[in-house]
Amino acid sequence: KSKKTLAKPGVKNIVLVDGVRTPFLQSGTIYADLMPHDLARAALQGLLNRTGLPKDAVDYIVYGTVIQEVKTSNVAREAALGAGFSDKTPAHTVTMACISSNQAMTTAVGLIAAGQCDAVVAGGVEFMSDVPIRHSRRMRKTMLSLNKAKTLGARLSLLGSIRLAHLAPELPAVAEFSTAETMGHSADRLAAAFGVSRLEQDEFALRSHTLAKKAQDSGLLSDVISFKVPGKDIVSKDNGIRPSTMEQMAKLKPAFIKPHGTVTAANSSFLTDGASAVLIMSEEKALAMGYKPKAYLRDFVYVSQDPKDQLLLGPTYATPKVLEKSGLTLNDIDVFEFHEAFAGQIMANLKAMESDWFAQTYMGRKTKVGAPPMEKFNSWGGSLSLGHPFAATGCRLVTTVAHRLQKEGGQYGLVAACAAGGQGHAMVIEAYPQ
Amino acid sequence: LVLISILGLHCEYFTRTHVNYEIKGDVAVIRMNDPSVNTLSVQMQREMTEVMDEVWGNSAVQSVVLISSKPGSFIAGADLNMIQACTTAEEVTLLSQEGQKMFEKIEKSPKPIVAAINGSCLGGGLEFAIACQYRIATKSKKTVLGCPEVMLGLLPGAGGTQRLPKMLGLPSAFDMVLTGRSIRPDKAKKMGLVHQLVDTLGPGLKSPEERTIEYLEEVAVEAARGLAKKQIPLTKEKGLMQKIQDHVMSYPFVRQQIYNTVQKKVMKQTKGLYPAPLKIIECVKAGLEQGPTAGYLAESQNFGKLAMTPESKALIGLYHGQVTCKKNRFGTPEKEVKALAVLGAGLMGAGIAQVSVDKGIHTILKDTTLEGLSRGEQQVYKGLNDKTKKKSITTFERDSFLSNLTGQLDYNGFNKADMVIEAVFEDLSIKHKVLKEVEAVIPPHCIFATNTSALPIKDIAAVSKRPEKVIGMHYFSPVDKMQLLEIITTDKTSKDTTASAVAVGLKQGKVIIVVGDGPGFYTTRCLAPMLAEAVRVLQEGVDPKKLDSLTTGFGFPVGAATLADEVGIDVAAHVAEDLGKAFGSRFGGGNIEFLKSMVDKGFKGRKSGKGCYIYQPGLKRRDVNTEALEILESYKLTPNAAISSDSDIQYRLVSRFVNEAVLCLQEGILANPVEGDIGAVFGLGFPPCLGGPFRFVDSFGADKLVEKMRKFEEVFGNQFTPCQLLLDHAKDPSKKFHK
């Protein structure tokens, strides 16, 4: 190891006490009738149960979400109140696409490092079973004017101005606002740019599902809590893990670029409902309260690049930067957890990290950082198989790193993820001495 | 025949430099890579024929992909030099027939050929592509498909007039071939010109351009295999609309109606001055009504005929001139202009700002009043927003372009400006005031450019502390539409200042002429005598509508009376007075008092709603302003019957323009005839079919022009005295402005 520890003199040690998540379910399945704050509440309650934390010991709550339910725009507060936290505990919501809960966690780290808080709960929730579908702008305008119209005549004339076309609803899309390109389309182009074949993508997706299945079966996914869904059975397992065969996957048609694209439904992450939560504390406070922390949260970075052609290359940019910041090399890392948006996106990132030319031409670096060895990489499955509730994935990655370090006996772990808007994040996690 | 012997000479013992191929399994990938630009040159055609023969003869090959190794172009068109080198129509016809034969073989290829298109696929390039069985194009911004031949006075001479109507249907085919418009990939897919689109790629393990071509090739190879195995059908199932259209078109009566309509439209737009569109209709008609043999024969023969017309030579000359005027002959400036400040947010100032911000130049737009500034910023916004409606830019691009614009009322930030362009009111004392104010705040390297249409630059620079940094940049209104920029240098303007101004203009997308200083420079100076003559013609009792039809009938895109309204009657009066003072009676003709009376009445042209015509918002039809006719009544002149026929009036207008242009060359205001032609056509709308005043003298004959002028001179005196250079050319017919 390049360094014995990443502890720095004069800098507070910040620890992950524990992390939990609801089962990640394909959207439109068992969670279908809930609301986002219901899921978030389940994760928060699960965290309280798991840690036995006194509710009034929490100084602050930060929660991430991407597609907002307009009724609960500060979903952190609604969930916290419902989960029985003290109404004296403030809560706010952050959003940064797929790295929203990473942002929630690093916000917590910042609050503790600045000496403003000692115990913060961070998390994220995404609920894709129901999304805000709006009236068209014209229709909204008419309806708003209708509110102000004083006379019956004015109202009638406004109603008369409504045309059939105004009734067409506006659907949210997983697309970049700046480029209007859907993410899957961009992923397909990215895979093509790095020459990632359909076969490579299907193989990686199959790997993800196989490893996830194995982890699930051997009880390694201990961050999953059971959740009694009102009116339904208790859910205690992710339901998107489906190891298939290469032959079956090869039958699928491309989902975005037709007819010659390579990204399919089988090698992409699916729309998922789920929530996660973690308890982050200063080491002193955690020890004082009698906890045995799971890991130290160390250096982290956020990066951003061209949202059109490099939309999903966040890990490539963030990994060398965070390693440099912490003074480690790729070899020092025992556990890698990368967010798998698309198999093609992961393969493209691995190839980019393995390329000196890319490092020199686009990142202003002298040499490549190198690709993580596969035996250390997402070995308990990833977003492709476990599911990807956008804002909940970050906490899953960090908790998984902590659990894998404990299980596999490593010292350093690295989390990296890409996000819409051409942004990215990476964090180094150090195992807490056992 | 000459051509065949040349072909023979080059045929053997040369390794291939333009076309090569690689066998990938059962697919032959043919790559075109002309050392300069991919054109259908003699060399390219010869090597292509050889390669095709080898590929057809190779039993291991089941299908073919045709692709260019050049990032920006598939095939940019036929080799113009090859056509220009011919001296007779027969030679050109032969060239056309060679091309037709080659593409016929491609069309009848037993092994399916996929054209993989990235970049410009124009003219002969397009004709090659549509002879192939399948087309795949990238969505690159550089990918355009089109038949621009008509813009060069030619027609698609290698099967284009025959294949396109069958492929796209008559209306779309006519639109494409007669307008020469470039078609973007998504539109091409929709109209059935290409079968499949491929996205452009971003950074990967190779440069985006290189990898995109590779990707296109991979997709094309797969498609070629699919075609060979008949997994991909060659003919697409036709939609209902297409079936209905085909059915309707099967009636000769309907087709005849279309030919007539198109013919009428062409005649209305070209006044019969351009032979190419008419010949194109003829070829399409021959092919559809009399069969392919007649069609192809008509195409090759008409192609030969057109290549020999003066119109085609004029248009090709303009094309070459435009290419020349898109280069900076003053070299690279020492410092690139990254921060620009524009003074005055009027029509011109805001227009200049608009064409700068969308090229990434940080631009300050300064005005003296909030109202003026607000109007100007709105103009910039609207200009860019209109582009989003046409989908040439996205709303996001619009926003990011607008972030380059800073509107303000003070001189804040001028200390960081690399160039200031002033577009304030055309008044010497105001220009002096502004120049002094600006020089007090700008850094030493900053260039001061003045946008004026007539004031001599040296007069403006007279109060400057650093006249070497002062230059004229004469933009044309509307700035975002007009292509020309006239740059004016004084004796004191440094070469680096000029290089910098040209560099900025080129970045703004302009075609640039650089001229010497003097009243009216080049463009305004040529226009003024023609407008003076137009006023006299009006005074002689010719109706504005008649005047317009006489000028447009000569080939001007805008009639003289309309032009005066567009320029502004007040501006015309102003310029006429200024230049009248500078050049004396030679610039006389119409009575300036008439213009002044118009201005007094508020008839300032389109901007005031009334001029020679009445302009009503939302109304396309314009009526003659009868009040203007009443004013004319009091300035009435009696026309001299000997020089007042329609043709005489046309030549009175044109000869004054042309003579002044030649005088500008004689006096050294113009550096060369090419810039003179480009300036006249792109800035003033001189008839493109004549190629500009200098090419007009060459083709019309200087002697004949002088003869006409002498006749007018007898009546009007020195306004029609031919200049010395014109006389020299008249005396010696071997003297030509263009070789």
Side-chain angles (χ1 to χ4, degrees), chain A residues 137 175-182 184-200 254 256-263 305-313 316-317 344-345 347-364 368 371 421-422, chain B residues 27 65 114 116 118 134-141 185-186 189 194-227 229 231-233 236 388-389 391-403:
Chain A
R137 182 77 187 248
E176 285 296 297
F177 180 72
S178 60
T179 62
E181 186 180 24
T182 63
H185 195 277
S186 191
D188 205 319
R189 287 197 304 115
L190 185 73
F194 283 92
V196 181
S197 68
R198 167 79 182 265
L199 189 72
E200 281 175 284
F256 301 97
I257 294 184
K258 292 157 190 172
H260 54 270
T262 53
V263 172
Q305 58 285 331
D306 171 21
K308 173 138 186 74
D309 288 332
Q310 304 194 32
L311 181 70
L312 304 172
L313 281 180
T316 300
Y317 283 85
Q345 165 259 337
M347 297 310 291
N349 272 283
L350 297 182
K351 289 190 189 220
M353 292 165 85
E354 203 42 70
S355 161
D356 278 325
W357 186 83
F358 187 86
Q360 287 154 5
T361 316
Y362 294 102
M363 298 170 67
K368 65 186 182 185
Chain B
V27 183
V65 167
V114 176
N118 178 50
Y134 201 78
R135 285 161 294 286
I136 302 178
T138 66
K139 291 184 194 165
S140 162
K141 282 205 164 176
D186 45 348
K189 171 92 193 318
V194 302
H195 298 82
Q196 192 175 333
L197 295 180
V198 167
D199 287 277
T200 55
L201 301 179
L205 298 176
K206 288 174 182 168
S207 81
E209 295 76 22
E210 200 184 335
R211 177 60 195 142
T212 298
I213 295 178
E214 228 179 62
Y215 179 49
L216 170 66
E217 185 179 306
E218 289 165 14
V219 173
V221 165
E222 277 313 304
R225 285 210 177 101
L227 286 167
K229 289 181 189 149
Q231 286 161 347
I232 301 175
K236 213 180 118 190
T388 68
K389 285 182 191 156
K391 296 209 169 134
S392 64
I393 60 170
T394 65
T395 54
F396 189 76
E397 282 168 315
R398 174 199 65 201
D399 297 346
S400 86
F401 292 152
L402 280 169
S403 73

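The chains referred to below are lettered A, B, ... by the order of the sequence lines, with proteins before strands, and numbering in each begins at 1. This one's a predicted model, so the numbers in the text were calculated from it and none came from an experiment.
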Turns out that what part of A/Phe194 lies under 4.5 Å from chain B's heavy atoms comes down to both
Going by side chain to side chain donor-acceptor pair (under 3.5 Å), name the residues that satisfy it together with [X], two or more places apart in sequence or in a different chain.
{"X": "B/Asp199", "result": "A/His185, B/Lys139"}
{"X": "A/Gln310", "result": "A/Tyr317"}
{"X": "B/Ser140", "result": "none"}

Expected contact set for residues 200-208 of chain B against chain A at heavy-atom separation under 4.5 Å reads B/Thr200, B/Leu201, B/Gly202, B/Pro203, B/Gly204, B/Leu205, B/Lys206, B/Ser207, B/Pro208
Minimal heavy-atom distance between A/Gly195 and B/Arg211, with the atoms involved, is CA-NH2, 3.7 Å
Discussion item. Could you check whether A/His260 and B/Glu218, counting side-chain N and O atoms only, form a donor-acceptor pair closer than 3.5 Å?
Written reply: no
If one checks every heavy atom of B/Glu214 against chain A at 4.5 Å, the contacting part turns out to be neither
